[in-house]
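All remarks here apply to the structure that follows.
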Number of protein chains: 2
Amino acid sequence: MEPSGNEFLRGTLKTIVLKLLSEQGTSVPNRMYGYEITQAVKERTKGEIVLSFGALYPILHKLEQEGLLTTETEEVEGRLRKYYSLTPQGTETAVQKVTDFERFMDTMRGLLQLPATLATGH
Amino acid sequence: MEPSGNEFLRGTLKTIVLKLLSEQGTSVPNRMYGYEITQAVKERTKGEIVLSFGALYPILHKLEQEGLLTTETEEVEGRLRKYYSLTPQGTETAVQKVTDFERFMDTMRGLLQLPATLATGH
DNA sequence: TTGAATGTATTAGAAGCTTATATATTATTA
DNA sequence: TAATAATATATAAGCTTCTAATACATTCAA
């Protein structure tokens, strides 16, 4: 039906992936592998958003194909791991997507007559 | 591509339609026709969100089929107009969807590390 | 009389998901 | 030691949802 039962998530997956990769990790540029991305999203949202692999991998491949991501495969503890990191263009797109999403939320708040959020608790 | 060039709108269309119909208009229960809905969305969002008819009508028909909307057709100024209004179940769903969307925005703000919105300007 | 605005509706096709499946290793538990 | 959970990447079938295009019809303004 919907991604992890949340219909609103539709169309936001690329933005989530790009944003996570744009954050500073232990390596510069930051790199993450697919499984790690799903776990990070699950942890940060306390299980509210769970990316399925069937959704994630096609997105990663598409972003790579579009030149926003590059990959490096490494063997870690006997298993193959494919790390993804942003290209310069990917970094730009990440910023743009997040800005677009903020704007979208603002527009939706107006349309649905919702109050501005004052306390979030996160 | 995306609804009115906005990929994030995916999955929010039902919520928008239900919310608009749930607001108090001149009639109780409030009723609107398809074209009116697209215009209301366009005006409220200053053109940022434009619903296409190809997206709107299937949604209206589906909501009717699900028992969330009822319709009445009237002739107004020589043209046929089909008014949609919420059933009791539709009213419940409208509230639920808006609540779900607020929760979703909160989750996304946490995930994307966005600040809480203090001033909106709308 | 021509075009813009108003109005409902369908269709073909693309895109973005879900769900199921395949494959494989390591770590834990019964 | 055998089964299962967790770790890890990936594809395929199929459904839903959207875009873009089209059809049809009326009213109003230029």
Checklist entry - Heavy-atom contacts under 4.0 Å between residues 64-72 of chain B and DNA chain C, which residues? => result none
Checklist entry - Sequence neighbours excluded, which residues qualify as salt bridge (Lys or Arg N to Asp or Glu O under 4.0 Å) partners of E74(B)? => result R31(B)
Checklist outcome for this item: Those residues at least two apart in sequence (or on a different chain) that pass salt bridge (Lys or Arg N to Asp or Glu O under 4.0 Å) with K14(A) are E66(A)
Item to check | Euclidean distance, atom CZ of residue F8(A) to atom C1' of dG16(C) [Å, nearest integer] | outcome: 17 Å
Item to check | Length of the CG-C1' vector between L51(A) and dT9(D), whole Å | outcome: 15 Å
Next on the checklist: Between L21(A) and S85(A), is the side chain to side chain contact (heavy atoms under 4.5 Å, CB included) condition met? List the steps.
Outcome noted: CA-CA 6 Å; L21(A) 288 171; S85(A) 52; 5.6 Å; no
Checklist entry - For DNA chain C, whose closest nucleotide is more 5', that of P58(B) or that of R81(B)? => result R81(B)
Next on the checklist: Side chain of K14(B), heavy atoms from C-beta onward: which of dT17(D), dA9(C), dG7(C) has the nearest atom to it?
Outcome noted: dT17(D)
Next on the checklist: My understanding is that only residues two or more places apart in sequence, or in another chain, count here; which of them pass side-chain hydrogen bond (donor to acceptor under 3.5 Å, both in side chains) with Q89(A)?
Outcome noted: none
Next on the checklist: So, using side-chain hydrogen bond (donor to acceptor under 3.5 Å, both in side chains) as the criterion, who are the partners of R81(A) when residues are at least two apart?
Outcome noted: Y33(A), Y83(A)
Next on the checklist: Checking T87(B) now: which residues fulfil side-chain hydrogen bond (donor to acceptor under 3.5 Å, both in side chains) with it, not counting sequence neighbours?
Outcome noted: none
Checklist entry - What residues, two or more places apart in sequence or in another chain, satisfy side-chain hydrogen bond (donor to acceptor under 3.5 Å, both in side chains) together with S52(B)? => result none
Item to check | Partner set under salt bridge (Lys or Arg N to Asp or Glu O under 4.0 Å) for E64(B), not counting sequence neighbours | outcome: none
Checklist outcome for this item: Whole-Å distance, L56(B) CG to dA20(D) P, equals 16 Å
Checklist entry - Using a cut-off of 4.0 Å on non-hydrogen atoms, how would the nucleic acid contact of Y84(B) be classed: base, sugar-phosphate, or nothing? => result sugar-phosphate
Checklist entry - Which one, dC17(C), dA8(D), dT19(C), comes nearest to the side chain of Y57(A)? => result dA8(D)
Next on the checklist: Distance check needed: dA10(D) P versus L80(A) CG, whole Å only.
Outcome noted: 9 Å
Checklist entry - When you check the gap from the basic side-chain N to the acidic O, do K19(B) and E23(B) get nearer than 4.0 Å? => result yes
Next on the checklist: At less than 4.0 Å, is any side-chain N or O atom of Y33(A) found next to OP1 or OP2 of dA8(D)? Yes or no.
Outcome noted: yes
Checklist outcome for this item: The side-chain contact (heavy atoms from CB on, under 4.5 Å) partners of Q39(B) (sequence neighbours excluded) come to Y35(B), K42(B), E43(B)
Next on the checklist: Rounded to whole Å, how long is the line connecting atom CZ of R10(B) with atom P of dT16(D)?
Outcome noted: 15 Å
Item to check | Nucleotide nearest H61(A) when distance is taken to its side chain, options dT11(D), dC18(D), dG7(C) | outcome: dT11(D)
Item to check | From dC18(D), dT6(C), dA8(D), nucleotide with atom closest to A55(B) side chain | outcome: dC18(D)
Checklist entry - So, the side chain of R109(B) versus the backbone of L114(B): is there a donor-acceptor pair under 3.5 Å, distance only? => result no
Next on the checklist: Classify K62(A) by what it touches in the nucleic acid, base, sugar-phosphate, or nothing, heavy-atom distance under 4.0 Å.
Outcome noted: sugar-phosphate
Next on the checklist: From CG of L9(B) over to C1' of dT17(D), roughly how many Å is that when rounded to an integer?
Outcome noted: 12 Å
Checklist entry - Between dT23(C) atom C1' and Y35(A) atom OH, what is the distance in whole Å? => result 16 Å
Each nucleotide N or O in nucleotides 25-29 of chain C that has a protein N or O under 3.5 Å away: list the pair and distance.
residue, atom, partner, partner atom, Å
dT25(C), O2, R79(A), NE, 3.1
dT26(C), O4', R79(A), NH2, 3.2

Checklist entry - What is the distance from NZ of K82(B) to P of dA25(D), rounded to the nearest Å? => result 18 Å
Please list, pair by pair, any protein nitrogen or oxygen found under 3.5 Å from a nitrogen or oxygen in nucleotides 20-22 of chain C.
none

Identify every side-chain donor-acceptor pair in residues 95-103 of chain B under 3.5 Å, counting partners at least two apart or on other chains, and give the distances.
residue, atom, partner, partner atom, Å
Q96(B), NE2, D100(B), OD1, 3.0
K97(B), NZ, E7(A), OE1, 3.0
K97(B), NZ, E7(A), OE2, 2.6
T99(B), OG1, V95(B), O, 2.9
R103(B), NE, E48(A), OE1, 3.1
R103(B), NH2, E48(A), OE2, 3.3

